[in-house]
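Reviewing the structure listed below.
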Amino acid sequence: MGAGALTCLMFVVIALNAIAAAAGLALFAVAIWVAADGYKLYPISGVSGKDDIFAAAWIAIFTGFAFFLTCIFGIFAALKRSRGFMMVYLIIMFIIFLFECASAITAATNRDYLVGNSNFVKKQMLQYYADSSTQGKQITQTWNRVMEQVECCGADGPADWFQYNSTFKQTFNSTYIWPLSCCKRLSTFEVEDKEGCKVGITIFSKGCFQYIESVLSRYTWAVSWYGFSVLILVFLTLVIAMIYYMQLE
């Protein structure tokens with residue numbers, strides 16, 4: 001390859017690494033957003049050990065920042081036209097690439113398990129809501145907040161609370177059919193009508209599963225589908241960088 005063509009290839013490698021570095025920083029940022037769990041739904045997945053979306057987010061935090069640093073090194077290696085530096089760059093990038101593949105695949109598969117249907121979410125709600133254990137308290141607090149803020153009740157609807165056996169039913173069935181968090185609220189956030197709520201007049205009629213599914217899907221998109229797009233860019237960068245490496249003397 002002529003000197004002019006090699007120089008052009010070098011600038012292509014530099015440009016791709018600059019774009020990949022920016023993409024790596026973006027992946028780093030969205031992974032932090034998922035790991036911070038702004039919607040506070042981690043207990044719903046964590047209580048049963050199916051929290052791989054959040055585990056994948058932590059991997060993506062590492063890989064996103066690692067992509068950024070390695071791409072900066074790749075720019076330096078391309079400018080130096082050093083086969084040794086380029087080899088180190090290619091090896092490190094490939095290792096990070098594998099880690100990010102694991103992160104994206106883990107998030108995608110775990111999302112399908114969590115929100116493939118409402119039964120998983122419903123089962124742990126019925127099992128842990130109103131339970132006195134630490135996990136039970138976390139689930140109770142999470143569901144109360146979701147039901148009050150989203151104005152929903154149960155996973156599929158209010159009927160979940162009396163159609164199935166549950167910890168709440170065993171504890172409060174003589175007083176309430178469903179939690180007070182299912183009751184409509186005044187502007188002061190107090191229950192509008194407790195007696196009306198008991199008989200199903202002033203109660204939220206829709207289920208919460210659609211909201212939970214949408215949040216977990218957003219988390220998955222951030223970690224998995226954006227991660228896959230970064231992987232495609234990095235793969236292209238690696239291919240061009242390998243060609244550049246082979247042309248160096």
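As the structure is a prediction and not an experimental result, all values here were calculated from the model. In this chain, numbering begins with 1 at the start of the sequence shown.
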Test ring-ring contact (aromatic ring centres under 6.0 Å, His included) applied to Trp161 and Tyr129, Phe172, Tyr176, the passing residue: Tyr129
Non-hydrogen atoms of Gly64 and Leu27 that approach each other most closely: CA-CD2, 4.0 Å
Please table the atom pairs, donor to acceptor, closer than 3.5 Å between any side-chain atom in residues 100-107 and protein atoms at least two apart or in another chain.
| from | atom 1 | to | atom 2 | distance (Å) |
| --- | --- | --- | --- | --- |
| Glu100 | OE1 | Thr63 | OG1 | 2.6 |
| Ser103 | OG | Ala56 | O | 2.8 |
| Thr106 | OG1 | Ala102 | O | 2.7 |

Trp143 and Ile44, any side-chain heavy atoms less than 4.5 Å apart: yes
Can you list the residues that meet the ring-ring contact (aromatic ring centres under 6.0 Å, His included) rule with Tyr164, with sequence neighbours excluded? none
Suppose the criterion is disulfide bond (SG atoms under 2.5 Å apart): which pairs have a residue in residues 212-244, not counting sequence neighbours? none
Working to the nearest 0.5 Å, report the span between CD of Glu213 and OG of Ser118. 9.5 Å
Using the ring of each side chain (for Trp, its six-membered ring), is Phe97 parallel, tilted or perpendicular to Phe94, with breaks at 30° and 60°? parallel
According to ring-ring contact (aromatic ring centres under 6.0 Å, His included), who are the partners of Phe28, at least two apart in sequence or on a separate chain? Phe65
Tyr226: partners by side-chain hydrogen bond (donor to acceptor under 3.5 Å, both in side chains), with sequence neighbours left out: none
Just grab all the salt bridge (Lys or Arg N to Asp or Glu O under 4.0 Å) pairs involving residues 179-188, residues at least two apart or on different chains. Glu148-Arg185
More than 12 heavy atoms of other residues, nucleotides or ligands under 6.0 Å from CZ of Phe235: is that the case? no
Could you tell me whether the side chain of Gln170 and the main chain of Asn165 form a donor-acceptor pair under 3.5 Å? no
Any Pro179 side-chain heavy atom under 4.5 Å of Cys182 side chain: yes
Looking only at heavy atoms, which two atoms of Ala241 and Tyr89 are closest? And how far apart? CB-CE2, 3.7 Å
Decide yes or no on side chain to side chain contact (heavy atoms under 4.5 Å, CB included) for Val223 and Val30, but give the supporting numbers first. CA-CA 7 Å; Val223 175; Val30 296; over 6 Å; no
Salt bridge (Lys or Arg N to Asp or Glu O under 4.0 Å) pairs touching residues 75-97, sequence neighbours excluded, are none
Run the ring-ring contact (aromatic ring centres under 6.0 Å, His included) test against Tyr245 and tell me which residues pass, sequence neighbours left out. none
Could you tell me the separation between the CD1 atom of Ile14 and the CG atom of Leu9, rounded to the nearest 0.5 Å? 10.0 Å
Is it the case that the side chain of Ser45 and the backbone of Tyr42 share a donor-acceptor pair, with hydrogens and angles ignored and the cut-off at 3.5 Å? yes
Do Met93 and Cys71 come close enough that some side-chain heavy atom pair is under 4.5 Å? yes
Look at the rings of Phe85 and Phe76 and say which category their plane angle falls in: under 30° parallel, 30 to 60° tilted, over 60° perpendicular. tilted
Who pairs with Ser133 by side-chain hydrogen bond (donor to acceptor under 3.5 Å, both in side chains), at least two apart in sequence or on another chain? Asp131
Are the side chains of Asn144 and Met147 in touch, meaning some heavy atoms are under 4.5 Å apart? yes
Counting only pairs under 3.5 Å, give me each side-chain donor-acceptor contact of residues 195-210, with atom names and distances, residues two or more places apart or in other chains.
| from | atom 1 | to | atom 2 | distance (Å) |
| --- | --- | --- | --- | --- |
| Thr202 | OG1 | Asp193 | O | 3.1 |
| Thr202 | OG1 | Cys197 | N | 3.1 |

Atom pair CG (Asp37) and CZ (Phe54), whose distance is rounded to the nearest 0.5 Å: 4.0 Å
Treating Thr167 as the side-chain partner and Tyr128 as the backbone partner, does any N or O pair qualify as donor plus acceptor under 3.5 Å? no
Check whether any side-chain N or O of Thr142 sits under 3.5 Å from a backbone N or O of Leu41 as a donor-acceptor pair, and report yes or no. no
Non-neighbouring partners of Trp58 that pass ring-ring contact (aromatic ring centres under 6.0 Å, His included), sequence neighbours left out: none
Taking side-chain hydrogen bond (donor to acceptor under 3.5 Å, both in side chains) as the definition, give me every residue that meets it alongside Ser229, ordered by chain and number, with sequence neighbours left out. none
Taking Ala155's backbone N and O only, do any of them form a donor-acceptor pair with Asp160's side chain (distance below 3.5 Å, no angle check)? yes
Do the non-hydrogen side-chain atoms of Phe168 and Leu126 ever get within less than 4.5 Å of each other? no
